[in-house]
Amino acid sequence: MVRADWGVMKTAVVWFRRDLRLTDNPALAAAVAAAERIVPVYIHGPVSGGNWPMGSASRWWLHHSLEALDGSLRRLGSRLVTRRGAEFQSLVRLMIETGAGSVYWNRLYEPTAIARDTEIERVLRGEGLTVETFNSALLNEPWEIQREGGQPYRKFTPFWKAVRQRGLDRAPELPPKALPPVAETVAGVPLEELGLLPRIPWDAGFHEFWRAGEQAARQRLDEFVASALGRYPAQRDRPDLPATSRLSPHLHFGEIGPRQVVQAMRDDSAWIWKDGAEAYNRELGWREFAYHLLYHFPETTDEPLEPRFAGFPWAEGYQAHLAAWQQGRTGLPLVDAGMRELWHTGWMHNRVRMVVASFLTKNLLIPWQEGARWFWDILVDADLANNTLGWQWTAGCGADAAPYFRIFNPVLQGQRFDPEGAYVRRWVPELAGLPAAYIHKPWRAPSSVLEKAGVRLDNTYPRPIVDLKGSRERALAAFERIKKR
Ligand SMILES: Cc1cc2nc3c(=O)[nH]c(=O)nc-3n(C[C@H](O)[C@H](O)[C@H](O)COP(=O)(O)OP(=O)(O)OC[C@H]3O[C@@H](n4cnc5c(N)ncnc54)[C@H](O)[C@@H]3O)c2cc1C
């Protein structure tokens with residue numbers, strides 16, 4: 001099929017996917033070491049993602065990230081060739097056009113990506129072509145960390161211990177100093193034609209919060225280390241403070257890799273905050289754990305890991321409640337603040353993700369898959385491994401899950417983690433005039449307080465759509481029904 005012209009000059013295709021960076025990119029580094037001509041390509045497949053095609057916010061991010069990658073490649077003398085179409089056919093066509101005898105890529109771990117890549121690799125190798133694949137996304141491959149006896153881990157603490165024992169000190173690859181130009185005859189489609197940006201401009205707010213690309217990722221990491229790492233252990237659960245790194249979309253798209261982040265944590269500027277650096281590495285450990293689980297239990301993107309939950313008595317006819325949750329109109333201020341932060345910025349604080357997920361799956365008894373789908377479309381960091389773990393963990397049906405009876409109370413969580421109500425005031429401005437004592441439970445405020453704050457319940461802001469105590473008891477009773485199975 002492909003008849004590569006090996007000629008005197010060796011040509012290699014580097015297939016970029018979710019490794020949109022030049023530093024610590026082992027596929028790129030290996031191609032540069034092996035070939036004289038390099039063709040960097042991004043292929044936009046028609047149905048990439050199988051059951052989980054890329055959501056709107058991710059597509060927005062991808063557009064800007066590809067733009068940034070092209071800029072970085074151009075600065076080194078190359079450019080990104082962007083193609084549209086089925087990945088295999090597009091790759092083969094490009095290899096024929098350029099006479100490339102080899103293709104290099106960094107591995108993905110989603111079930112559909114693994115199936116596709118394995119097949120492409122098999123066919124190309126069968127044609128005598130060189131296919132080299134690498135790990136750029138994880139500290140360890142999901143199969144490298146095993147329990148005695150070879151089974152995968154289901155609990156985070158022993159998993160993380162095994163990762164630590166293996167060591168975190170693998171040095172990142174350096175970026176190439178220069179790259180050979182791509183021949184002008186190699187055409188691509190303009191980025192705009194991939195149709196990644198929304199037709200209705202709902203993304204206006206996103207620009208205020210995010211800048212995609214490798215340089216922006218590095219800058220965000222450096223700023224986080226300088227300004228917040230020392231406070232991270234104490235404040236990482238506070239949504240009202242800028243206490244976490246917000247690196248998640250950058251990590252998802254591979255604009256920065258975990259090895260680079262771990263290395264940054266070992267630098268003197270970070271290591272003076274040793275506790276912060278350790279705590280931060282541990283969070284990266286959760287990301288590793290999520291990929292470990294996705295790899296070994298690929299069905300968990302749609303099915304509960306804990307089989308008893310397959311027969312869980314979820315609520316019926318929940319559409320109105322689901323819509324109120326999606327729109328941030330549940331009457332629970334912390335939940336509503338989170339859902340509106342998500343809508344406006346494409347991101348939500350981790351503590352609040354747990355609270356809104358618990359509220360959906362336990363107080364409203366709506367299947368976690370509904371929440372996972374909504375997050376999937378709206379998060380800029382939507383990540384099949386992390387999202388699946390987060391939802392299954394909160395719903396109580398995943399690996400190392402929160403015990404079912406742990407039902408987050410949005411009022412108590414608000415009082416504890418947003419004590420002055422600054423987070424709620426920011427995202428639910430119609431409550432901004434309420435004093436801290438009532439900001440997380442406006443329905444309990446005396447009418448004089450409500451009036452002074454300009455809050456009219458059922459009018460400017462809803463009452464809670466469920467009674468917290470009653471819905472908690474209903475959830476526990478539902479759990480009892482499956483517990484003994
Ligand atoms: C219901 C639910 C859904 C989630 N969906 C996603 C998702 O789609 N994509 C996603 O990246 N994260 C998801 N998370 C995990 C977590 O909320 C985010 O990674 C985190 O909020 C990102 O913010 P940050 O970069 O400031 O985190 P930091 O606190 O700065 O952490 C650094 C990095 O560690 C990783 N990390 C931190 N916490 C977790 C965690 N609990 N699980 C896995 N990795 C973690 C992330 O890559 C993060 O960027 C979800 C959590 C829940 C409870």
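Indexing begins at 1, ligand by ligand and atom by atom, following the structure's order.
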Closest non-hydrogen protein atom to [atom], residue and atom name please, with distance?
atom	value
atom 11 (O) of ligand 1	Asn386 ND2, 3.0 Å
atom 2 (C) of ligand 1	Gly390 CA, 3.7 Å
atom 30 (O) of ligand 1	Ser245 OG, 2.6 Å
atom 9 (N) of ligand 1	Asp381 O, 2.8 Å
atom 32 (C) of ligand 1	Tyr280 OH, 3.2 Å
atom 8 (O) of ligand 1	Asp383 N, 3.1 Å
atom 28 (P) of ligand 1	Tyr232 OH, 3.5 Å
atom 6 (C) of ligand 1	Arg353 NH1, 3.3 Å

- Non-hydrogen atoms of Phe289 and Ala399 that approach each other most closely: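 Looks like CZ-CB, 4.3 Å.
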- Task: Give me the ring orientation class for His292 and Tyr153: parallel if the planes are under 30° apart, tilted from 30 to 60°, perpendicular past 60°.
- Result: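 Because their plane-to-plane angle lies in the 30° to 60° range, the rings of His292 and Tyr153 count as tilted.
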- Query: Taking the six-membered ring for Trp, are Trp210 and His250 parallel (under 30°), tilted (30 to 60°) or perpendicular (over 60°)?
  - Reply: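 Perpendicular, since the angle between the ring planes exceeds 60°.
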I'd like to know if [X] and [Y] make a salt bridge, using a cut-off of under 4.0 Å between side-chain N and carboxylate O.
X	Y	value
Arg17	Glu110	no
Arg287	Asp383	no
Asp302	Arg373	yes
Asp222	Arg218	yes
Arg238	Asp240	yes

- Using a 4.5 Å cut-off on heavy atoms from C-beta on, say whether the side chain of Val380 contacts that of Phe209.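 When only atoms from C-beta onward are counted, Val380 and Phe209 do not touch, as no gap falls below 4.5 Å.
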- Query: Below 4.5 Å, heavy atoms only, C-beta onward: do His64 and Leu197 meet side chain to side chain?
  - Reply: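 In contact.
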Which atoms of ligand 1 are found less than 4.0 Å from any heavy atom of [X]?
X	value
Trp391	1 (C), 3 (C)
Asn350	15 (C), 16 (C), 17 (O), 21 (O), 41 (N), 51 (C)
Ser248	11 (O), 22 (C), 23 (O), 25 (O), 49 (O)
Arg287	43 (C), 44 (N), 47 (O)

Identify each donor-acceptor pair in which a side-chain atom of residues 164-175 lies under 3.5 Å from a protein atom, sequence neighbours left out, and give them as a table.
{"unit_1": "Arg164", "atom_1": "NH1", "unit_2": "Glu278", "atom_2": "OE1", "d": "3.1"}
{"unit_1": "Arg166", "atom_1": "NE", "unit_2": "Asn140", "atom_2": "OD1", "d": "2.7"}
{"unit_1": "Arg166", "atom_1": "NH2", "unit_2": "Glu144", "atom_2": "OE1", "d": "3.2"}
{"unit_1": "Arg170", "atom_1": "NH2", "unit_2": "Leu139", "atom_2": "O", "d": "3.2"}
{"unit_1": "Arg170", "atom_1": "NH2", "unit_2": "Asn140", "atom_2": "OD1", "d": "2.8"}
{"unit_1": "Arg170", "atom_1": "NH2", "unit_2": "Gly167", "atom_2": "O", "d": "3.3"}

Using a plain distance cutoff, I'd like to know if [X] has any nitrogen or oxygen under 3.5 Å from a nitrogen or oxygen of ligand 1.
X	result
Thr394	no
Trp286	no
Glu283	yes
Leu247	yes
Asn387	yes

- Query: Among side-chain atoms of Ser136 and Asp19, is any donor-acceptor pair under 3.5 angstrom?
  - Reply: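 Per modelled atom types, Ser136 and Asp19 side chains form no pair under 3.5 Å.
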Heavy-atom contact under 4.0 Å between [X] and ligand 1?
X	result
Ala382	yes
Met354	yes
Arg236	no

With backbone taken as N, CA, C and O and side chain as the heavy atoms from C-beta onward, which portion of [X] lies under 4.0 Å from ligand 1: side chain, backbone, both, or neither?
X	result
Phe224	neither
Trp393	neither
Trp347	side chain
Leu251	side chain

Sequence neighbours left out, cut at 3.5 Å: what donor-acceptor pairs do the side chains of residues 322-335 make with other protein atoms?
{"unit_1": "Trp325", "atom_1": "NE1", "unit_2": "Val356", "atom_2": "O", "d": "3.1"}
{"unit_1": "Thr330", "atom_1": "OG1", "unit_2": "Leu332", "atom_2": "N", "d": "3.1"}
{"unit_1": "Thr330", "atom_1": "OG1", "unit_2": "Asp336", "atom_2": "OD1", "d": "2.8"}

- Taking atom CH2 of Trp286 as the centre, report whether more than 12 heavy atoms of other residues, nucleotides or ligands fall under 6.0 Å from it.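 For Trp286, atom CH2 is crowded (more than 12 foreign heavy atoms under 6.0 Å).
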- Message: Please check if the number of heavy atoms outside Trp273 that lie under 6.0 Å from its CH2 is greater than 12.
- Response: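 Check fails, neighbour count at 12 or below.
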- Query: Who's closest to atom 26 (O) of ligand 1 heavy-atom-wise, of Arg246, Met348, Arg220, Glu288?
  - Reply: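 Ranked by closest heavy atom to atom 26 (O) of ligand 1, first place is Arg246.
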